There are 4 protein chains.
Amino acid sequence: MASVKTRLIFRAAVDVFSERGFEKATMDEIAAKASVAKGTIYYHFKSKEDLFVFLVEEGTELLREKVLSHLTEEMSSSEKIREIVRAQLAFFTEYRDFCIIILRETWGDEARHREFRRMLVHYVQSIRQVIAQGVDEQIFSVENAEVAAWSLFGSTSITALHHLFADPAVDLLALAPSLQAIALGGLHAKEIT
Amino acid sequence: MASVKTRLIFRAAVDVFSERGFEKATMDEIAAKASVAKGTIYYHFKSKEDLFVFLVEEGTELLREKVLSHLTEEMSSSEKIREIVRAQLAFFTEYRDFCIIILRETWGDEARHREFRRMLVHYVQSIRQVIAQGVDEQIFSVENAEVAAWSLFGSTSITALHHLFADPAVDLLALAPSLQAIALGGLHAKEIT
Amino acid sequence: MASVKTRLIFRAAVDVFSERGFEKATMDEIAAKASVAKGTIYYHFKSKEDLFVFLVEEGTELLREKVLSHLTEEMSSSEKIREIVRAQLAFFTEYRDFCIIILRETWGDEARHREFRRMLVHYVQSIRQVIAQGVDEQIFSVENAEVAAWSLFGSTSITALHHLFADPAVDLLALAPSLQAIALGGLHAKEIT
Amino acid sequence: MASVKTRLIFRAAVDVFSERGFEKATMDEIAAKASVAKGTIYYHFKSKEDLFVFLVEEGTELLREKVLSHLTEEMSSSEKIREIVRAQLAFFTEYRDFCIIILRETWGDEARHREFRRMLVHYVQSIRQVIAQGVDEQIFSVENAEVAAWSLFGSTSITALHHLFADPAVDLLALAPSLQAIALGGLHAKEIT
DNA sequence: CATGAATGAGACTTCATTCAT
DNA sequence: AATGAATGAAGTCTCATTCAT
């Protein structure tokens with residue numbers, strides 16, 4: 001990812017893949033948007049799939065880093081959960097294209113789908129650990145930490161995605177208080193959070 | 001939807017679209033799986049997109065009916081939420097292919113994506129009403145019923161989808177207790193539910 | 001051409017063939033316009049080509065009859081030529097669809113093209129005889145009566161066709177005086193006619 | 001029109017379009033005749049229609065140039081008309097395929113037909129000007145120069161086309177004297193020309 | 001490193017024709 | 001006589017990938 005061209009291609013690819021989806025995206029459009037010749041993409045990436053997987057790995061890893069980097073030892077488990085929700089919304093705001101790609105291209109049986117789920121599972125495991133710790137500390141009381149982790153990821157990302165498409169100008173971070181309250185206290189919420 | 005062939009095509013299309021996604025699915029494969037000639041599909045449906053939209057409308061409407069049909073006046077708002085979670089998991093078990101199609105093909109800017117989101121918004125609005133009623137009755141305490149509705153839908157469907165791909169033999173209904181508890185009480189849950 | 005249905009199909013076919021051309025015309029559209037089922041066309045005509053040839057034969061024969069029927073023994077050769085031009089323009093006005101079909105579908109190497117040219121040659125031969133008689137009577141002085149006949153047909157029909165497309169509301173008969181003068185006297189024309 | 005492949009495709013297209021007509025011509029046959037892959041045609045031309053329109057524009061423009069290039073200031077109007085007839089027959093001899101395409105594919109309501117008529121109108125306007133000048137100089141006496149121009153074009157091209165199909169080996173230039181005499185003097189012709 | 005012309009497999013779609021009713 | 005559902009061959013066009021320069 002050193003070369004200037006590589007970066008140009010990377011950015012163009014994120015753009016095009018998120019707008020069109022993997023199948024509908026064309027190497028021609030990516031090349032045009034990156035202002036390089038089509039052959040140049042193939043000099044840097046083995047194939048369309050290769051480019052896509054590379055991009056998705058970078059993106060998911062970045063999501064994981066961004067979200068986890070704000071968690072510190074001093075935080076309570078509840079604070080950690082609030083921070084996870086906030087950081088994920090912040091990431092979706094900054095990299096809204098990744099947000100779309102992530103939820104579009106995860107569910108399927110091709111190699112890239114599996115690769116992608118592997119990355120996502122890795123990310124969700126990190127959330128699971130935070131939840132599991134909260135359970136150990138008897139702050140949380142969920143039976144199944146893994147289900148809770150996927151639930152949290154699903155809740156946050158689908159809500160964000162819906163709002164992105166319903167109103168492209170939406171401020172996702174404004175959703176944070178509601179989503180945090182729901183995550184911690186559910187529909188009964190109230191005083192607890 | 002009357003004709004025998006139409007039903008054959010419908011079933012085959014659900015199969016192929018869910019396995020391959022809209023773009024990767026081919027009319028050839030649908031025709032083969034339905035045991036009809038390719039031209040026959042075009043006799044009944046205007047285009048690949050038309051077939052897909054028809055299928056998605058039927059599916060989403062069925063989801064809405066299945067989920068709403070079990071809600072009765074006598075239920076408390078909490079019971080209604082539990083039933084929504086249960087019924088949605090039951091639907092995803094019975095029509096797992098629709099579940100995959102729904103989450104794959106909703107996010108995009110083409111006509112079928114918008115059409116599809118329109119259907120989904122309709123379904124989520126139904127959930128929102130149940131939540132809003134609970135808020136009126138001071139059983140629930142969420143600020144934003146719409147966010148809560150999308151959160152519930154995202155939580156349930158992403159969790160279900162993950163488990164379907166992680167373990168095709170999974171019993172989705174076994175997830176119900178955890179998801180219901182999380183929906184109502186969040187991570188703090190415990191005694192409340 | 002007895003049956004009611006046959007006539008319905010005939011009229012619809014003229015319509016569609018003239019608007020779309022032979023290749024672009026579809027049996028579906030003809031059937032719809034004739035308000036009969038597609039199979040019904042095949043009950044009355046062997047094939048699309050058969051229908052077309054039948055229609056073209058009827059049309060060309062009608063053109064020939066209409067044009068020749070006004071020629072009488074008493075007319076001078078010049079009057080006959082004027083009448084031919086007038087009658088052809090009148091025919092093109094009344095059956096403008098045939099006019100288009102005739103000039104679109106004559107030039108090619110398929111069976112229907114040859115069949116069609118055979119009909120047209122027959123018609124032009126009739127004009128040739130009128131010209132040849134005028135030459136015998138030393139009223140006309142062209143060397144090659146056949147060339148003169150094709151020239152007359154080409155002059156009248158291309159001019160008519162151009163005006164039909166340039167202005168669909170054109171009154172073709174208004175072109176008669178000019179075309180008659182040109183036919184008889186050429187560009188030098190003047191007093192002779 | 002620079003690239004070698006482009007020229008190969010161009011020639012093959014003229015061949016196939018003139019033999020089959022626009023609708024019946026296939027990109028497969030054009031590709032085969034040009035000895036290029038089908039995709040190569042689409043690399044150079046946007047569509048079948050695009051290729052056809054390009055070809056027709058080149059052809060009609062060439063016809064116009066060829067015919068007009070022989071007209072000089074010193075010629076009398078009559079000589080100019082004779083030259084127009086001769087040059088058009090010479091063009092039809094050299095590019096007989098264009099001649100066929102021109103008269104087959106001009107009359108219709110699709111984009112390419114209209115584009116084509118626009119080109120043809122441009123050409124015929126050139127003839128009209130020659131005629132109009134002759135009228136100004138009181139050499140010609142036609143009332144309507146435009147009708148005369150279309151008449152001349154129709155006379156020459158339909159006669160040529162008929163002879164090309166009736167006898168592929170015909171020498172079109174042998175028709176020149178007759179057609180010139182008819183153009184200038186009509187059927188009465190004789191001494192005038 | 002970079003290019004972009006060329007490729008060909010494969011997709012969607014159309015439509016004349018058939019045939020059981 | 002008439003119907004219209006069903007067919008499948010055939011056509012246009014797309015696009016990931018290659019390769020000679």
Side-chain angles (χ1 to χ4, degrees), chain A residues 3-6 9 22-32 34-52, chain B residues 2-6 8-9 23-31 34-51, chain C residues 3-6 8-9 22-32 34-52, chain D residues 2-6 8-9 20 23-31 34-51:
Chain A
S3 139
V4 174
K5 300 267 178 188
T6 308
I9 294 167
F22 178 79
E23 299 291 350
K24 232 3 185 26
T26 71
M27 298 301 261
D28 270 304
E29 189 175 357
I30 294 171
S35 306
V36 301
K38 213 186 337 179
T40 307
I41 303 182
Y42 283 87
Y43 185 82
H44 293 278
F45 299 91
K46 207 163 84 280
S47 66
K48 184 184 178 183
E49 177 128 5
D50 194 55
L51 169 59
F52 181 75
Chain B
S3 134
V4 174
K5 300 272 176 185
T6 306
L8 280 171
I9 293 167
E23 300 290 350
K24 216 44 185 338
T26 71
M27 297 303 258
D28 268 305
E29 191 177 355
I30 295 172
S35 306
V36 301
K38 217 189 318 183
T40 306
I41 303 182
Y42 284 90
Y43 185 79
H44 293 279
F45 299 91
K46 214 167 71 272
S47 64
K48 184 184 178 183
E49 176 130 6
D50 193 57
L51 169 57
Chain C
S3 137
V4 173
K5 300 268 178 188
T6 308
L8 280 171
I9 294 167
F22 178 79
E23 299 291 350
K24 244 331 187 51
T26 70
M27 298 301 261
D28 270 304
E29 189 176 357
I30 295 171
S35 306
V36 301
K38 212 183 342 177
T40 307
I41 303 182
Y42 283 87
Y43 186 81
H44 293 277
F45 299 91
K46 206 162 84 284
S47 65
K48 184 183 179 184
E49 177 127 6
D50 194 55
L51 170 58
F52 182 75
Chain D
S3 135
V4 174
K5 300 272 176 186
T6 308
L8 280 171
I9 294 167
R20 306 252 185 262
E23 299 292 350
K24 211 59 184 326
T26 71
M27 297 303 259
D28 269 307
E29 190 177 356
I30 295 172
S35 305
V36 301
K38 218 189 317 183
T40 305
I41 304 182
Y42 284 91
Y43 186 78
H44 293 279
F45 299 91
K46 213 166 72 271
S47 64
K48 184 183 178 183
E49 177 130 3
D50 192 57
L51 170 57

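Predicted model only: the values in this text are computed from it and were never measured. Chain letters run A, B, ... following the sequence lines, proteins first, then strands; residues in each count from 1.
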> In the structure shown, which nucleotide is the Watson-Crick or G-U wobble counterpart of dA2(E), with both distances under 3.5 Å?
Replying inline: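 When the pairing criteria are applied, dT21(F) turns out to be the nucleotide that pairs with dA2(E).
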>> Pairing check on dA11(E): which nucleotide meets the Watson-Crick or G-U wobble criteria with it, both distances under 3.5 Å?
In response: dT12(F)
Let's see if you can work this out: which of [options] has an atom nearest to the side-chain heavy atoms of [X]?
| X | options | answer |
| --- | --- | --- |
| Ala37(C) | dT17(F), dT12(F), dT3(F) | dT3(F) |
| Tyr42(C) | dT3(F), dT13(E), dT18(E) | dT18(E) |
| Val36(A) | dT12(F), dT3(F), dT3(E) | dT3(E) |
| Asp28(D) | dT12(F), dC15(E), dA16(F) | dT12(F) |
| Lys5(D) | dC13(F), dT17(E), dT7(E) | dT7(E) |

>> Can you confirm whether Ile30(B) sits close enough to Leu51(B) that some side-chain heavy atom of one is under 4.5 Å from a side-chain heavy atom of the other?
In response: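 Ile30(B) vs Leu51(B): side chains touch.
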> Do the non-hydrogen side-chain atoms of Lys5(C) and Tyr43(C) ever get within less than 4.5 Å of each other?
Replying inline: no
> Using a cut-off of 4.0 Å on non-hydrogen atoms, how would the nucleic acid contact of Ala31(D) be classed: base, sugar-phosphate, or nothing?
Replying inline: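 No contact.
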Would you indicate, yes or no, if [N] has its OP1 or OP2 atom less than 4.0 angstrom from a side-chain nitrogen or oxygen of [X]?
| X | N | result |
| --- | --- | --- |
| Tyr43(C) | dA2(F) | no |
| Lys38(B) | dC15(E) | no |
| Thr40(A) | dT3(E) | yes |
| His44(C) | dA2(F) | yes |

>> If you assign each of Ser35(C) and Gly39(B) to its closest nucleotide in DNA chain F, which residue comes earlier from the 5' end?
In response: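 The answer here is Ser35(C).
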> How do Phe22(A) and Thr26(D) order along DNA chain F: which one's closest nucleotide is nearer the 5' end?
Replying inline: Thr26(D)
>> Tell me the interatomic distance from Lys48(D), atom NZ, to dA10(F), atom C1', rounded to whole angstroms.
In response: 12 Å
> Taking all non-hydrogen atoms of both residues, which atom of Ile9(D) and which atom of Phe45(D) are closest, and how far apart?
Replying inline: CG2-CE1, 3.9 Å
